[in-house]
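The block underneath contains the structure these notes are about, expressed in structure tokens.
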Amino acid sequence: MERPKKKQILLFYCVEAEDLARKVAAQSDFIQLQSINWRSFDDGFPNLFIKNAHDIRGQHVAFLASFSSTDVIFEQLSVIYALPMLFVASFTVVLPFFPTGSFERIEEEGDVATAFTLARMLSNTPISRGGPTSLVIYDIHALQERFYFSDTVLPVFESGVPLLKQRLQQLPQSDKIVVAFPDDGAWKRFHKLLDHFPMVICNKVREGDKRIVRIKEGNPEGCHVVIVDDLVQSGGTLIECQKVLAAHGAAKVSAYVTHGVFPKKSWERFVHKSNESEKAFTHFWISDSCPVTVEAISGKAPFEILSLAGSIADALQI
């Protein structure tokens, strides 16, 4: 069967995603960067201008978003709603991190599931000449959130875990690596992508008012154990997992999360200090789905960035 020809993509991007956009464009001659004037009126509301709007008619257009805070969501949604109405052939939104994904449940009457709110906002993206908008998201917190989107958008769920798999194969003594999951949810999400590695599953149990991390199954003794999860906030769970894995004989402990959210600079608790003889985490891999974090941790051990650029370039050709 003959492979379809690659599309020429015009890629727009928000301000904080510029570095990632340039990396994506460097992956392929079929991706051309476009620009937007991100300005504000005196009252603080957006004053936006899409350059060369007439020239994108009939073209395949994409927008690389980063919803890092509520301050930037409105201006980016304004652009997302505007681009498909410029008679483009197709429209794709790449939102590497879906930020309200962990707020998807209602546990008591009165809770607001903001994951559903954001999904509804994105579902209102106008249809382009080519049909519904494609929405590319990486490692959304819960896969059932696909049902929060209406039929006017087509969610495409990708994962950053293959990048970790490639990186682990490059490490010395890769045959001594064990993958650990902080809970059953992480195991269900990712174990099929890492099924050739031995595995350890942790879980949290209540003892009085405390929640204690324990090993549910698997043996980390003598191995380099890599904890895998979709995102990190304060990092407390990862630290507790590291302690219990080390107590059970792990030779080294590292971590991978696709989304390094790290509110209030919580990444600082993982940074190697020069006066520490032992480092709790040998490596800490994250993707570049959260550009603000990437800028903050640049050059700081044990952090290493595994870029989504190649994967995004491929996803734009779907």
Side-chain angles (χ1 to χ4, degrees), residues 1-40 46-68 72-98 118-138 140 146 149-158 160 287-289 291 307-318:
M1 185 175 177
E2 187 178 348
R3 301 180 95 183
K5 291 183 179 180
K6 287 192 173 183
K7 300 177 289 187
Q8 191 74 39
I9 307 291
L10 302 182
L11 178 60
F12 293 86
Y13 53 89
C14 66
V15 173
E16 65 186 48
E18 180 175 355
D19 286 347
L20 179 54
R22 294 191 181 282
K23 291 177 182 177
V24 172
Q27 300 290 319
S28 171
D29 293 334
F30 292 93
I31 300 174
Q32 181 181 345
L33 293 182
Q34 303 293 301
S35 59
I36 295 169
N37 283 341
W38 299 92
R39 304 167 300 190
S40 297
N47 177 15
L48 309 170
F49 183 76
I50 300 168
K51 296 182 179 179
N52 303 317
H54 191 275
D55 295 337
I56 71 174
R57 291 182 177 182
Q59 304 296 315
H60 298 287
V61 172
F63 179 75
L64 178 59
S66 177
F67 289 179
S68 60
V72 299
I73 291 177
F74 178 72
E75 64 181 15
Q76 291 183 52
L77 278 175
S78 299
V79 170
I80 288 170
Y81 289 174
L83 283 170
M85 298 178 68
L86 296 175
F87 298 96
V88 300
S90 69
F91 185 50
T92 301
V93 175
V94 181
L95 181 62
F97 174 47
F98 187 78
L118 186 56
R120 290 180 72 179
M121 293 165 72
L122 289 165
S123 295
N124 279 312
T125 304
I127 294 174
S128 70
R129 289 177 63 188
T133 293
S134 299
L135 176 61
V136 181
I137 297 174
Y138 282 81
I140 197 166
R146 71 170 63 242
F149 298 91
S150 74
D151 293 341
T152 55
V153 294
L154 301 174
V156 181
F157 295 120
E158 299 286 344
S287 82
D288 43 5
S289 67
S307 181
L308 296 172
S311 178
I312 291 173
D314 291 340
L316 292 176
Q317 293 295 337
I318 295 174

> Passes side chain to side chain contact (heavy atoms under 4.5 Å, CB included), Leu308 versus Ser289? Steps please.
Replying inline: CA-CA 7 Å; Leu308 296 172; Ser289 67; 4.0 Å; yes
>> Please determine whether side chain to side chain contact (heavy atoms under 4.5 Å, CB included) holds for the pair Gln76 and Val15, giving the CA-CA distance in whole Å, both sets of side-chain angles, and the decisive distance to 0.1 Å.
In response: CA-CA 10 Å; Gln76 291 183 52; Val15 173; over 6 Å; no
>> Evaluate Val79 against Phe63 for side chain to side chain contact (heavy atoms under 4.5 Å, CB included), listing each step before the verdict.
In response: CA-CA 9 Å; Val79 170; Phe63 179 75; 3.9 Å; yes
>> Apply side chain to side chain contact (heavy atoms under 4.5 Å, CB included) to residues Leu11 and Val61 and explain how you reach the verdict.
In response: CA-CA 6 Å; Leu11 178 60; Val61 172; over 6 Å; no
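Annotation: the span from Asp55 atom CG to Ile50 atom CD1 amounts to 13.0 Å, rounded to 0.5 Å. Residue Ser307 holds its OG atom at 3.5 Å from CG of Asp288, rounded to the nearest 0.5 Å. Here the straight-line distance linking atom CD of Gln34 with atom CG of Asn52 works out to 6.5 Å at 0.5 Å rounding. Rounded to the nearest 0.5 Å, atoms CD1 (Ile137) and CZ (Phe149) are 4.0 Å apart. Ile56 CD1 to Leu86 CG: the interatomic distance, rounded to the nearest 0.5 Å, is 4.5 Å. We find the CD1-OG distance between Ile73 and Ser78 to be 11.5 Å, quoted to the nearest 0.5 Å.
Considering all non-hydrogen atoms of both residues, Ser128 and Ser90 come closest at OG-CA, 3.6 Å. Nearest heavy-atom pair across Phe157 and Arg146 is CE1-CB, 3.1 Å. When all heavy atoms of Ser35 and Lys51 are compared, the pair lying nearest together is OG-CD, 3.1 Å. Closest non-hydrogen pair, Pro291 versus Ala17, comes out as CG-CA, 4.4 Å.
A donor and an acceptor atom, one from each side chain of Thr152 and Ser150, are located under 3.5 Å apart. Between the side chains of Tyr138 and Ser311, a donor-acceptor pair is found at a separation under 3.5 Å. With hydrogens and angles left out, the side-chain atoms of Ser40 and Asn47 include no donor and acceptor closer than 3.5 Å.
A side-chain donor-acceptor contact under 3.5 Å links Thr125 to the backbone of Leu122. The backbone N or O of His60 lies less than 3.5 Å from no partner atom in the side chain of Gln8, so there is not a single donor-acceptor pair.
Not counting sequence neighbours, Phe67 has no partner by the ring pair (Phe, Tyr, Trp, His ring centres under 6.0 Å) test.
No more than 12 heavy atoms of other residues, nucleotides or ligands lie within 6.0 Å of CZ in Phe87, so this atom counts as exposed by the packing criterion. Around CG of Asn37, the count of heavy atoms belonging to other residues, nucleotides or ligands within 6.0 Å exceeds 12.
Residues Val24 and Val94 form no side-chain contact, since every pair of their non-hydrogen atoms from C-beta on lies 4.5 Å or further apart. Between Leu135 and Leu154 the shortest side-chain heavy-atom distance does not fall below 4.5 Å. A 4.5 Å side-chain heavy-atom check between Ser134 and Phe91 finds every atom pair outside the cut-off. By the 4.5 Å heavy-atom criterion applied to side chains, Val136 and Val93 are not counted as neighbours. Between Pro96 and Leu64, some side-chain heavy-atom pair lies under the 4.5 Å cut-off. Here the side chains of Gln317 and Lys7 are in contact, with some heavy-atom distance below 4.5 Å. Residues Val88 and Leu83 fail the side-chain proximity criterion, which asks for heavy atoms closer than 4.5 Å. By the 4.5 Å heavy-atom criterion applied to side chains, Tyr81 and Met121 are counted as neighbours.
The list of salt bridge (Lys or Arg N to Asp or Glu O under 4.0 Å) pairs with a residue in residues 19-28, not counting sequence neighbours, reads Glu18-Arg22.
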